A.B. asks: 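First the structure, which I've put down as structure tokens, then a few questions once you've had a look.
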Amino acid sequence: MELSDLRIFQAVARSQSFSKAAENLGYVQPNVTLRIKKLENELKIPLFRRTNRGVETLPSALTLLTYADRILSLMDEAEEKLTSQALLSIGATPILSAQLFPKFTQGVHLHFPLVKIELKTDKKSQLYLDLKQNLLDGIFVNERTIPDGCISIFSYTEKLFLVSARSVPDSGDEGIAVVNKNPQCPYRNTLLRYLDNKMNTVDIIEYDTLEPIIRSVESTNAVTVLPQSLVTSKMSKVSLPKEMNSIIIHFVVKQGSAKNKTVRKIIETLSE
DNA sequence: CTATTGCCCTCTTATAGCCA
DNA sequence: TGGCTATAAGAGGGCAATAG
């Protein structure tokens, strides 16, 4: 006897009909008929009396139903408990992490207060590798097309701005641009494209992390490109040309597999 | 270790039969 | 005739055994 047998049995006992039980469970009627027949053979006792208006529960079915209700409700309870204590492993590039992680954590905790979230920051190529090896449950990436074997379960557009210090006067074409070292960083690439279009001569300083980029912009005449959410009160922002003023961020998971049922449930909730 | 094969199980569609 | 269950046949996926 398996749990799915009990679920089918419970549905038949409740609805007093193979057809209605099938409809409720998303099966077709012959399948329910066969599964009940198999269960009766296995238990060596008839559970239902068939009529041409449905089925009637026999005393044996009423006995089994009390156990089925208890077993299935315990299963549901266990699943609920485990869901609330899951560990979600998320990956993102350093800059995307700083920008998205607080918001993402808040969103998850709204639905699953006990879920633990761990964040890995790395290069995009390494994040995809980890995702494929099931070391991560999902990754935040800036992408035009999602690679085979992965799916984007939600995405949003982030507005980008050219930012500089509010208190430092504009020094004209001569200046410093601060960017992330990672050649895959979307903000770095947008800034370089912008400067290239403008044919500006600037010194480019590269940093590993977001913090020194922000500090440089706030306190020197350096410029950079940042998303709206990272622009601070010490910065002034300028709109970028239409073709480069936004990027799309996807939350990508490996197709057809989440580490377990629990993580899958969280991901399904997030994608709604 | 990997690919192939065969078996079993669960599911479906199509259809037969029963009876109020 | 409509609403129901029963049966047959076949598709598809999982899994263990086997061959290379």
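We name chains A, B, ... by the order of the sequence lines, and we start the count at 1 in each one. Only a predicted model underlies this, so the values are computations on that prediction, with no experimental measurement involved.
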A.B. asks: Using a cut-off of strictly less than 4.0 Å between a heavy atom of the residue and any atom of DNA chain B, enumerate the qualifying residues of residues 1-25 of chain A by number.
C.D. replies: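 Listed by number, there are none.
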A.B. asks: Given atom CD of Gln29(A) and atom C1' of dT13(B), what is their separation to the nearest angstrom?
C.D. replies: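 Nearest whole value for this atom pair: 12 Å.
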A.B. asks: Restricting to side chain to side chain contact (heavy atoms under 4.5 Å, CB included), what partner residues turn up for Leu192(A), sequence neighbours left out?
C.D. replies: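 Leu192(A): side chain to side chain contact (heavy atoms under 4.5 Å, CB included) contacts with Arg188(A), Ile204(A).
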A.B. asks: Measure the distance from CD1 on Ile36(A) to P on dT10(B) and round it to the nearest whole Å.
C.D. replies: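 Rounded to whole Å, this separation is 12 Å.
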A.B. asks: Output all residues satisfying side-chain hydrogen bond (donor to acceptor under 3.5 Å, both in side chains) with Arg50(A), sequence neighbours left out; order by chain, then residue number.
C.D. replies: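 By the side-chain hydrogen bond (donor to acceptor under 3.5 Å, both in side chains) rule, Arg50(A) matches Glu40(A).
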A.B. asks: Is the phosphate of dT10(B) approached by Lys38(A) (side-chain N or O, under 4.0 Å from OP1 or OP2)?
C.D. replies: yes
A.B. asks: Scan the side chains in residues 3-14 of chain A for donor-acceptor partners under 3.5 Å anywhere in the protein, sequence neighbours excluded, and list what turns up.
C.D. replies:
| from | atom 1 | to | atom 2 | distance (Å) |
| --- | --- | --- | --- | --- |
| Ser4(A) | OG | Arg35(A) | NH2 | 2.6 |
| Asp5(A) | OD1 | Arg35(A) | NE | 3.1 |
| Asp5(A) | OD1 | Arg35(A) | NH2 | 2.7 |
| Asp5(A) | OD2 | Glu2(A) | N | 2.9 |
| Arg7(A) | NH2 | Asp76(A) | OD1 | 3.2 |
| Gln10(A) | NE2 | Asp69(A) | OD1 | 2.7 |
| Arg14(A) | NH2 | Asp69(A) | OD1 | 2.8 |
| Arg14(A) | NH2 | Asp69(A) | OD2 | 3.4 |

A.B. asks: Indicate whether any N or O donor in one side chain lies under 3.5 Å from an N or O acceptor in the other, for Glu158(A) and Tyr187(A).
C.D. replies: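 No pair is found: no donor N or O on one side chain lies under 3.5 Å from an acceptor on the other.
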A.B. asks: To the nearest 0.5 Å, tell me how far His250(A) NE2 sits from Glu143(A) CD.
C.D. replies: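 The NE2 atom of His250(A) sits 7.0 Å away from the CD atom of Glu143(A).
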A.B. asks: When rounded to the nearest 0.5 angstrom, what is the spacing between CG in Asp137(A) and CG in Asp130(A)?
C.D. replies: 11.5 Å
A.B. asks: With a 4.0 Å cut-off, would you call Lys181(A) and Glu206(A) a salt bridge?
C.D. replies: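 Salt bridge flag = no for Glu206(A) with Lys181(A).
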A.B. asks: Could I get the full list of side-chain hydrogen bond (donor to acceptor under 3.5 Å, both in side chains) partners for Thr33(A), not counting sequence neighbours?
C.D. replies: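 Counting only residues at least two positions away or on another chain, Thr33(A) forms a side-chain hydrogen bond (donor to acceptor under 3.5 Å, both in side chains) with Gln29(A).
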A.B. asks: Could you give the start and end, 5' to 3', of the contact zone on DNA chain C for chain A, using atoms under 4.0 Å from its heavy atoms?
C.D. replies: dG2(C) to dT7(C)
